[in-house]
Amino acid sequence: MDSLQCLELANRLFPDITETPEDMEARYPARNLPEGAKVTRIAPSPTGFMHLGNLYGALVDERLAHQSGGVFYLRIEDTDAKRAVEGGVRMIIEAFRNFSLIPDEGATIDGEIGAYGPYYQRQRKEIYHVFAKSLVARGYAYPCFCTEEELESMRARQEAAKENFGYYGPYAVWRDRSFEEVMTKLDEGTPYVVRFRSPGDISHKIRHTDLVKGKLELTENDQDLVLLKSDGIPTYHFAHVIDDHLMGTTHVVRGEEWLPTLPMHLQMFQVLGFKPPKYLHTAQLMKIDPETGSKRKLSKRKDPELALSFYRQQGYPSASVLEYLMTMLNSNFEEWRAANPAAPFESFPFSTNKMSASGGLFDLEKLTDVSKNVISRMSAEQVYEEVASWAQEFDPDFAALLTRDPAYSKAILAIGRGGKKPRKDFARWEDVKPYMSFFFDELFCCDRTQMPALPEETICRILEDYQGIYDPADDNQVWFDKLKAMCGRYGLCADMKAYKKDPSAYAGSVADLSMVLRVAITGRAQSPDLAEVCRLLGRERVLKRLCR
RNA sequence: GGCCCGUUGGUCAAGCGGCUAAGACAUCGCCCUUUCACGGCGGUAACGGGAGUUCGAUUCUCCCACGGGUCACCA
């Protein structure tokens with residue numbers, strides 16, 4: 001096919017396209033951003049729930065852009081009609097919003113913002129066609145009339161012959177057909193896709209430096225990949241190259257599963273005369289497969305527990321998830337956090353060259369630890385607000401109790417909070433209810449089996465005696481001194497050190513005495529500081545519980 | 001099968017030619033302590049294997065093994 005025929009073919013394929021690549025360049029001028037500002041994007045497809053992996057990448061995108069004074073935008077990759085899910089876009093936006101990852105530009109709940117739209121790929125069809133037409137005209141693309149069946153049997157033959165799979169070389173059956181033959185097919189109305197005419201050769205290697213993986217030596221691409229599907233919608237590969245060029249993306253963050261197609265993309269950037277963005281191919285988040293016991297990539301289908309909604313349901317604060325992800329991203333984050341406990345998350349100097357090239361295993365226990373620390377830094381007020389809003393959605397009964405007397409709830413949550421050695425009782429908002437249940441008569445229930453091994457009679461006497469001397473006005477020291485003073489009456493030892501030296505000399509210790517009261521009042525063997533608990537419960541309720 | 005990426009303790013990880021190979025989580029022990037937490041101190045525990053380069057390799061090169069990814073008109 002000579003150049004004239006290519007031009008004619010281009011016009012035949014895209015009769016309605018009158019604009020040129022130059023027109024597109026003019027419509028999407030380079031961004032006017034300060035030196036070093038990075039432009040990043042999240043480009044999910046609306047195929048269902050958002051995954052931890054999506055958040056992982058998005059966090060990198062967001063930090064890179066906002067740390068450099070650049071732009072972080074959202075593009076919707078809705079080119080796959082078959083997998084699209086109703087309300088998918090809304091889910092995406094809300095999921096990211098829950099983690100305070102707010103795009104500066106792109107698709108929003110109602111419409112879109114920004115000058116580089118449309119941000120939905122289906123709405124950019126004409127733009128892709130402009131470039132596709134140009135490629136056809138230049139001989140860099142051509143129609144292919146193979147049916148899916150033909151492609152399948154080709155693949156089967158390749159497998160049998162142990163050859164490389166795909167559409168290339170002798171298998172690129174429509175690559176070098178005559179102009180007449182192609183036109184005849186077109187006249188017949190045969191469906192077709194538009195393929196890239198790859199100038200590559202697999203005996204050539206290309207060098208590329210990835211910001212995460214480092215120096216790479218890759219095999220050149222020789223596959224004539226599909227640019228436009230038979231419905232005229234682009235494949236990811238083509239859309240990626242066109243969009244990220246036009247929208248001015250400077251840094252593409254994506255999972256390493258894209259590494260094999262990188263040569264393909266680089267090649268297209270070159271043929272189109274675009275400057276390629278910098279790439280960050282992030283390591284996959286892994287998990288141990290419970291069935292096989294081996295590490296494997298997190299999968300949307302197999303691991304619903306890693307959907308972002310899972311964390312919300314259990315009540316992991318979004319800040320916890322973010323901080324955990326950041327410890328995976330930049331391992332020096334923990335150190336930084338320890339040195340700057342009160343600093344806002346955004347002030348951490350995130351760096352791409354600290355990112356690990358190997359895959360990380362998602363570790364729920366580590367998340368738990370990070371989360372406990374995050375929550376321990378919150379004020380009682382903050383914890384209250386967060387728990388209340390979580391409970392509103394996931395445990396309405398508890399929410400009702402919590403909000404009945406906000407001051408009371410906050411006072412409970414304030415126990416042991418703040419100071420040098422804060423309690424770390426909660427990793428998730430789910431943990432709060434069991435922790436504070438005995439403060440509410442509706443939830444209180446006494447587990448007598450937790451009582452220390454003292455004679456029943458002694459227990460009764462302790463409870464009775466304590467009623468007589470209990471005074472809510474006592475401070476912790478006075479309160480405890482009173483307990484010690486009681487010990488002698490039951491043959492208990494008031495001095496723990498002495499008791500430990502010779503336990504057999506006593507019936508028990510002040511620890512046992514405290515435990516009797518604790519179990520009676522809180523219903524269990526563990527609780528925050530008993531004196532404070534009593535103060536909050538109030539004299540009347542304390543006495544009532546002692547009577548049982 | 002081709003191509004590509006990866007491999008430091010149970011987990012996440014520092015390391016970027018010379019170190020008694022950090023730290024965190026988990027785990028175990030001790031201390032503090034009226035319980036639980038918190039906190040403090042300490043312990044167990046690692047460079048996948050083999051060649052080579054080098055005075056010297058966890059670090060560089062090659063081979064192998066293992067793990068992972070990918071080869072769609074899905075992204």
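Sequence lines set the chain letters: A, B, ... in the order given, protein chains first and strands last, and positions in each chain run from 1.
Residues A/Phe238 and A/His265 keep their aromatic ring centres 6.0 Å or farther apart.
Atom C1' of B/U58 sits at a distance of 16 Å from the matching atom of B/U20, rounded to the whole Å. Atom C1' of B/G23 sits at a distance of 13 Å from the matching atom of B/G9, rounded to the whole Å. Comparing the same atom, P, in B/C28 and in B/U61 gives a spacing of 42 Å after rounding to whole Å. For B/A14 and B/G52, the P atoms lie 31 Å apart once the distance is rounded to whole Å. Taking atom C1' on both B/U53 and B/C63, the two are 15 Å apart, rounded to the nearest angstrom. The separation of B/U11 from B/U27, taken at their P atoms, amounts to 15 Å, rounded to a whole angstrom. Across the P atoms, B/G68 and B/G29 are found 35 Å apart, a figure rounded to whole Å. Comparing B/C5 with B/G39, their P atoms are spaced 43 Å from each other, to the whole Å.
A side-chain donor-acceptor contact under 3.5 Å links A/Glu77 and A/Gln121.
Using a 4.0 Å heavy-atom criterion, one finds that A/Cys146 contacts the bases of the nucleic acid, with or without backbone contacts as well. As judged by a 4.0 angstrom heavy-atom cut-off over every strand, A/Lys424 is placed among residues touching the sugar-phosphate backbone only. Within 4.0 Å (heavy atoms only), A/Val226 reaches sugar-phosphate atoms of the nucleic acid but no base atom. Looking at heavy-atom distances under 4.0 Å, A/Asp231 makes no contact with the nucleic acid at all. Residue contacts for A/Ser331: at a heavy-atom cut-off of 4.0 Å it reaches the sugar-phosphate backbone alone, with no base atom in range. Residue contacts for A/Ala525: at a heavy-atom cut-off of 4.0 Å it reaches a base atom on one of the strands shown. Note on A/Arg155: only backbone sugar-phosphate atoms sit closer than 4.0 angstrom, heavy atoms only; bases stay farther off.
For B/U58, there is no paired base (Watson-Crick or G-U wobble, both distances below 3.5 Å). The pairing partner recorded for B/C74 is none, the criterion being a Watson-Crick or G-U wobble arrangement whose two distances lie under 3.5 angstrom. B/C19 is unpaired under the Watson-Crick or G-U wobble criterion, no partner having all donor-acceptor distances under 3.5 Å. Pair assignment for B/C41: B/G29, on the basis of Watson-Crick or G-U wobble contacts that are both within less than 3.5 Å. The base-pairing partner of B/A65, taking Watson-Crick or G-U wobble contacts with both distances under 3.5 Å, is B/U7.
Atom CE in A/Met328 sits about 18 Å away from atom P in B/A24, given to the nearest Å. Summarising the geometry, the separation between CG on A/Leu218 and P on B/G69 is reported as 19 Å, rounded to the nearest angstrom. When rounded to the nearest whole Å, the span between CZ of A/Phe426 and C1' of B/C38 equals 14 Å. Rounded to whole Å, the distance from CG on A/Asp447 to C1' on B/U35 is 14 Å. Atom pair A/Ile415:CD1 and B/C38:C1' shows a separation of 15 Å (rounding to whole Å applied). A/Asn330 has its CG atom 12 Å from the C1' atom of B/A13, to the nearest Å. The nearest whole Å value for the distance from the NE2 atom in A/His265 to the P atom in B/U70 is 14 Å. Nucleotide B/G23 holds its P atom 13 Å from the NZ atom of A/Lys366, rounded to whole Å.
In this structure, A/Tyr236 forms no aromatic stack with the base of B/C74, since the conditions of centre separation below 5.5 Å and plane angle below 30° are not both met.
Residue A/Lys354 has no polar side-chain atom (N or O) positioned under 4.0 Å from OP1 or OP2 of B/A14. Dashed line: the shortest gap from a side-chain N or O of A/Thr79 to OP1 or OP2 of B/A75 is under 4.0 Å. Here A/Arg518 does not reach the OP1 or OP2 of B/C36: none of its side-chain N or O atoms lies under 4.0 Å away. Listed pair A/Thr219 / B/C4 meets the phosphate criterion, a side-chain N or O lying under 4.0 Å from OP1 or OP2. Regarding contacts with the backbone of B/C73, a side-chain N or O of A/Arg195 is found under 4.0 angstrom from either OP1 or OP2. Residue A/Lys500 has no polar side-chain atom (N or O) positioned under 4.0 Å from OP1 or OP2 of B/U33. Contact annotation: A/Lys421 side-chain N/O to B/U33 OP1/OP2 distance is not under 4.0 Å.
Set against B/A26, B/U34, B/C74, the side chain of A/Asp369 has B/A26 as its closest nucleotide. The side chain of A/Lys205 has B/C4 as its nearest neighbour among B/C4, B/C73, B/A37. Relative to the side chain of A/Phe165, the nucleotides B/G1, B/U35, B/U34 differ in distance, and B/G1 lies closest. Taking only side-chain atoms of A/Leu216, from C-beta outward, the nucleotide of B/A26, B/U34, B/C5 with the closest atom is B/C5. The side chain of A/Lys229 lies closest to B/C74, out of B/C5, B/C74, B/C25. The side chain of A/Glu257 lies closest to B/G69 when the candidates are B/G2, B/C73, B/G69. The side chain of A/His237 lies closest to B/A75 when the candidates are B/U34, B/C38, B/A75.
Ion pairing between A/Lys205 and A/Glu217 fails under the 4.0 Å rule for side-chain N and carboxylate O.
Judged by a 6.0 Å distance limit and a 45° cone about the ring axis, A/Arg195 is positioned over the six-membered ring of A/Tyr167. Cation-pi geometry between A/Arg545 and A/Phe444 is met: the NZ or CZ atom falls under 6.0 Å from the ring centre, inside 45° of the normal. Both the sub-6.0 Å distance and the 45° axial angle are not jointly satisfied by A/Arg197 relative to the ring of A/Tyr140.
Taking for each of A/Lys82 and A/Leu530 the nucleotide of RNA chain B with the nearest heavy atom, the 5'-most of the two is the partner of A/Leu530. Between A/Met355 and A/Ile233, the residue anchored nearer the 5' end of RNA chain B, judged by the nucleotide with its closest heavy atom, is A/Met355.
Checking side-chain atoms of A/Thr368 against main-chain N and O of A/Leu364 turns up a donor-acceptor pair under 3.5 Å.
With a 6.0 Å radius and a threshold of 12 heavy atoms from other residues, nucleotides or ligands, A/Gln123 has its CD atom above the threshold. Crowding of A/Lys229 atom NZ: a count of heavy atoms from other residues, nucleotides or ligands under 6.0 Å exceeding 12.
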